Amino acid sequence: MLLTAAAANAAPHLASYQAPLALDGGATAWMLTSTALVLFMTLPGLALFYGGMVRRKNVVSTITQTVAVAAVVTILWFVCGYSLAFTNGSPALQPYIGGFDALFLDSLKSNAASGFAKTIPEALYVAYQLTFAMITPALICGAFAERMKFSALLLFMSLWTVFVYAPVAHWVWGGGFLGAAGVIDFAGGSVVHVNAGVSGLVCALVLGPRHGFGRDNMAPHNLVLTMVGASMLFVGWIGFNAGSALAADQIASIALLNTVLAPMGGALTWMIVEWVERKKPTLLGLLSGIVAGLVAITPAAGYVDPKGAMIIGLISGPVCYAGAVWLKRLLKYDDSLDAFGVHGIGGMAGALLTGVFASVAINPASAGASVLKQAMGLAATIAWSAIGAFLILMLCRFTTGLRVTKDEEIEGLDWTLHGEALHD
């Protein structure tokens, strides 16, 4: 979401987190559409993308995880998530966390706007932000696919949304200290992708590898399903990035164009690297390159010109290939669907490259952007995400437990956890 450093500095001094509504019909219509597009990314986009990448015996359980996360996060966003991320806290805590003015959305008014989006109703801003809060923890599921207990998933995602996602969103977009320090993140490179990717890596390390990892065939069971899901993610990402302008204007237009350019560059370079190393270009490689480009352009979409977007996309392919293939092979961890390799690594690369290519000619809000400031934002996000995820996992370990049994894993989670399975 577009938030200038000036706006971030002003936010703690607002009399209320709400503002008088100066309704812009065009902006409202575009944000209604963008909200639907980002929701489409999670359900059914991410669910199908991940569902096609696991083995046949785990496809139902993997899709179920995405649906369950969407439900849990929606309830938590209504109860306290939005309030903690986007309202005013006490003066001492405001740089780090929001307040309690909007618990249960009790203070929502039809004639008011958020202080961060004054031309659309606050209810629409709440809904748009909800779709971001929904997909972010769902991305983490890719790191521990095929081995986590469903009860542990529900507890982990509930606590993670409140104690990890909401604070980071506040730091960058809600008037917190990173936005005030000049860290820019147009649509979620750090808040969404680095946050989810790093937490996913911690999950993969703590849970350990799947039974048979490195020995058994763990190839995707249905790449056509993955292609359909990736295409839905691509289309939905237009709402993700162009919608983050919070208006139907020239910034949204450049963000949309950049969102189309970068993933094509990522697909091309991922394919080239894979072709050289493995001697064959694959559909999964092309799809992974598309997602890598989408991830990398996310923090930069409304700040860079098309040339910068294409360069970011071209860089994202080999960088994310290195994270998803070479790094995982070197360190021997089991990031099942490359949540860290693509989202974590791609988000970091995109955030840093935003500091390189951000242009005031494209967006005056990028004035003062630098690689150093972006690195500072990454450091804070990585540390909070890693520590928070680890502590929550420890709590889960001693309450619900973390992993299914070896027998359940071998048989498949579809039947053992949910009593459902695909049939021939």
Side-chain angles (χ1 to χ4, degrees), residues 1-9 95-96 136 139 164-165 167-202 241 244 258 262 266 292-305 308-309 311-324 326-327 331 339-360 362-390:
M1 267 52 60
L2 179 58
L3 177 63
T4 65
N9 283 319
Y96 312 106
T136 306
L139 293 171
V164 178
Y165 179 80
V168 175
H170 181 79
W171 297 350
V172 180
W173 295 331
F177 75 97
L178 291 182
V183 175
I184 58 174
D185 186 354
F186 192 79
S190 293
V191 178
V192 175
H193 298 292
V194 173
N195 207 4
V198 170
S199 290
L201 176 62
V202 173
N241 284 358
S244 291
N258 290 341
L294 288 166
V295 169
I297 197 58
T298 293
Y303 295 126
V304 302
D305 62 19
I311 295 172
I312 290 173
L314 292 170
I315 292 173
S316 71
V319 166
C320 290
Y321 184 90
W326 296 337
L327 184 64
L331 300 181
F340 175 71
V342 174
H343 294 277
I345 297 295
M348 293 177 200
L352 294 174
L353 291 170
T354 299
V356 175
F357 293 106
S359 168
V360 293
I362 296 297
N363 190 335
S366 66
S370 71
V371 173
L372 182 62
K373 291 178 182 178
Q374 296 301 96
M376 179 191 74
L378 283 175
T381 301
I382 290 168
W384 186 260
S385 180
I387 294 170
F390 180 78

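Only this structure's heavy atoms are used, side chains among them; waters, hydrogens and symmetry mates stay out. Being a predicted model, the structure only gives us computed values, none of them experimental.
Separating the OG1 atom in T136 from the NE2 atom in H343 is a distance of 10.0 Å, to the nearest 0.5 Å. Atom CG of residue L327 and atom CD1 of residue I345 lie 6.0 Å apart, to the nearest 0.5 angstrom. Rounded to the nearest 0.5 Å, atoms CD1 (I297) and CZ (F186) are 10.5 Å apart. Atom CZ of F390 and atom OG of S199 lie 13.0 Å apart (nearest 0.5 Å).
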Output a table of donor-acceptor pairs, distance under 3.5 Å, between side-chain atoms of residues 366-383 and any protein atom two or more places apart or on a different chain; print 'none' if there are none.
{"from": "S366", "atom 1": "OG", "to": "S359", "atom 2": "O", "distance (Å)": "3.2"}
{"from": "S366", "atom 1": "OG", "to": "N363", "atom 2": "O", "distance (Å)": "2.8"}
{"from": "S370", "atom 1": "OG", "to": "K373", "atom 2": "N", "distance (Å)": "3.1"}
{"from": "K373", "atom 1": "NZ", "to": "G368", "atom 2": "O", "distance (Å)": "2.8"}
{"from": "Q374", "atom 1": "OE1", "to": "I184", "atom 2": "N", "distance (Å)": "3.0"}
{"from": "Q374", "atom 1": "NE2", "to": "I184", "atom 2": "O", "distance (Å)": "2.9"}
{"from": "Q374", "atom 1": "NE2", "to": "A351", "atom 2": "O", "distance (Å)": "3.0"}
{"from": "T381", "atom 1": "OG1", "to": "G377", "atom 2": "O", "distance (Å)": "2.9"}

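Minimum heavy-atom separation, N258 to A309: OD1-CB, 3.3 Å. When every heavy atom of P299 is checked against every heavy atom of G189, the shortest pair comes out as CD-CA, 3.7 Å. N195 and S385 make their closest contact through O-OG, 2.8 Å (heavy atoms, listed as atom of the first residue, atom of the second, distance). In terms of heavy atoms, W171 sits closest to Y96 at NE1-O, 2.9 Å. Across all non-hydrogen atoms, the minimal contact from A169 to V191 is CA-CG1, 3.8 Å. Closest non-hydrogen pair, A187 versus V192, comes out as O-CG2, 4.4 Å.
Side-chain contact between I362 and Y303 is absent, with no heavy-atom pair separated by less than 4.5 Å. D305 has its side chain out of reach of F357: every pair of non-hydrogen atoms, C-beta onward, lies at least 4.5 Å apart. When side chains are defined from C-beta on, V198 counts as touching M348, because their heavy atoms get closer than 4.5 Å.
Every residue two or more places apart in sequence or in another chain was checked for a side chain to side chain donor-acceptor pair (under 3.5 Å) with S190, and none qualifies.
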request  = Determine, step by step, whether L353 and I315 satisfy the side chain to side chain contact (heavy atoms under 4.5 Å, CB included) criterion, reporting the C-alpha distance in whole Å, the side-chain angles of both residues, the deciding distance to 0.1 Å, and the verdict.
outcome  = CA-CA 10 Å; L353 291 170; I315 292 173; 4.1 Å; yes
